[in-house]
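Residue numbers start from 1 in every chain, and the chains themselves are labelled A, B, ... in the order their sequence lines are given, proteins ahead of strands.
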There are 2 protein chains.
Amino acid sequence: MEERVKQIKQQLSGHSYKLTPQREATVRVLLENEQDHLSAEDVYLLVKDKSPEIGLATVYRTLELLSDLSIIHKLNFGDGVTRYEFRAEDAEHHHHHLICLHCGAVDEITDDWLGPIEKRVETEFDFQIIDHRLTFHGICYRCKGQVKDPKKLIGSKVT
Amino acid sequence: MEERVKQIKQQLSGHSYKLTPQREATVRVLLENEQDHLSAEDVYLLVKDKSPEIGLATVYRTLELLSDLSIIHKLNFGDGVTRYEFRAEDAEHHHHHLICLHCGAVDEITDDWLGPIEKRVETEFDFQIIDHRLTFHGICYRCKGQVKDPKKLIGSKVT
DNA sequence: CAATTAATTGATAAAAACTCTCACATTATA
DNA sequence: TATAATGTGAGAGTTTTTATCAATTAATTG
């Protein structure tokens, strides 16, 4: 935890940004909730618990800054809010998500299975891939059996 | 074109909805611009050209209705607006998109290459897949050569 | 160390994209 | 035809995010 904060501090100073108390509070909330995919509002409320004087705009600015420096990723699961997650330092690519259409849970697949497919895209479409996003929508193991007609769930979901 | 309109009319009446003039105008705009991924605002402006009396809310309602009936798909490419595309009648799944981070073009891959990967997800994660979304972000053949530092593009993009 | 400059912040206004409400119009049903 | 149900347009309201700007804090210069 402390090392990660220190590491982020260095990444910021490497680009002439400071790890201000507000930014540090925001980073710590993100680190403490790394499993979840927090929205800006979520982060704001959690940061406020410890630092009530912080402003919403500052949280947005910090998330944007971290995103610009590729320290975190912006995610959009089609529910109207942008969510944020740490970017694995070593990972070349974004990982994949499993979204349950019944309970809304978002699980992760950290393996990258798209290697061969990317090859095909690069050659067949002459497209230079920088990143990719792969999301599966369906029913998670927790909700299995609770859904009678899965086709019904597909309706007006976004993404 | 006319057949497709008729077909959609039947899909609507099958669910006790009518193909009103406003709905028909919206459907025709979508059909005439099937290549593009229009936003609700885009559709509204195009519909207005031919039927100036139509309201924005009606366009939103129609798109929502078509989406509920799985006649069209809602898409989100992370630019803050929901986009819409026809759903191939036969296709089990959504197709894939290639998004150019330089010019913003959205090309399509209509083949479904994820069969083997879906198998793994279903067994390894006990996740029943209903649909999936796969998007590659990178540089399209048109922009090849115009981008010096591709890594720079990755910054604060959403999705 | 004092003064100036720059970076950052909080509060709030504003923008953007939808969504809701409600009176009116159109269509279907009895 | 009367009555009920469905659909529409206009505009108000909501939600999420961005912009503005005065005030604070930190850094730099002399």
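No donor-acceptor contact under 3.5 angstrom links the side chains of A:Arg23 and A:Thr26, judged on distance only.
In this structure, CZ of A:Arg61 is placed 11 Å from P of C:dA11, rounded to the nearest angstrom. What separates CD of A:Glu64 from C1' of D:dT18 is a distance of 10 Å, to the nearest Å. Between the P atom of C:dA17 and the CZ atom of B:Arg83 lies a distance of 10 Å, rounded to the nearest Å. Between the C1' atom of D:dT15 and the CG atom of A:Asp79 lies a distance of 12 Å, rounded to the nearest Å. Atom P of nucleotide D:dG7 and atom NZ of B:Lys18 are separated by 5 Å, given to the nearest angstrom. Rounded to a whole Å, the CG atom of B:Leu63 is 11 Å from the P atom of C:dT19. Atom-to-atom, OH of A:Tyr17 to P of C:dT9 comes out at 12 Å; the value is rounded to the nearest Å. For the pair A:Leu19 CG and D:dA26 C1', the interatomic distance rounds to 14 Å; values are reported in whole Å.
With salt bridges taken as basic N to acidic carboxylate O contacts below 4.0 Å, one links A:Lys74 and A:Glu64. Using a 4.0 Å cut-off between charged nitrogen and carboxylate oxygen, B:Glu24 and B:Arg28 count as a salt-bridge pair.
A residue-by-residue look at B:Gly80 and B:Ala57 shows that B:Gly80 has its nearest nucleotide of DNA chain C further toward the 5' end. The 5' end of DNA chain D is approached more closely, in terms of each residue's nearest nucleotide, by B:Arg23 than by the other of B:Arg23 and B:Pro52.
OP1 and OP2 of D:dT18 both lie 4.0 Å or more from every side-chain N or O belonging to A:Tyr60. Between A:Thr58 and C:dG10, a side-chain N or O to OP1/OP2 separation shorter than 4.0 Å is present. Within the structure, every side-chain polar atom (N or O) of B:Thr82 is placed at least 4.0 Å from both OP1 and OP2 of C:dA17. For D:dT6, neither phosphate oxygen OP1 nor OP2 lies less than 4.0 angstrom from any side-chain nitrogen or oxygen of B:Thr20. Regarding contacts with the backbone of D:dG9, a side-chain N or O of B:Gln22 is found under 4.0 angstrom from either OP1 or OP2.
Ring geometry, A:Phe136 versus B:His132: the interplanar angle exceeds 60°, so the pair is classed perpendicular (tilted spans 30 to 60°). The aromatic rings of A:His37 and A:Phe77 stand perpendicular to each other, their planes meeting at an angle above 60°, with 30° marking the opposite boundary.
Using a 4.0 Å heavy-atom distance criterion, B:Glu53 is classed as a sugar-phosphate-only contact. Within the nucleic acid shown, B:Leu56 has no heavy atom closer than 4.0 Å to any nucleic acid atom.
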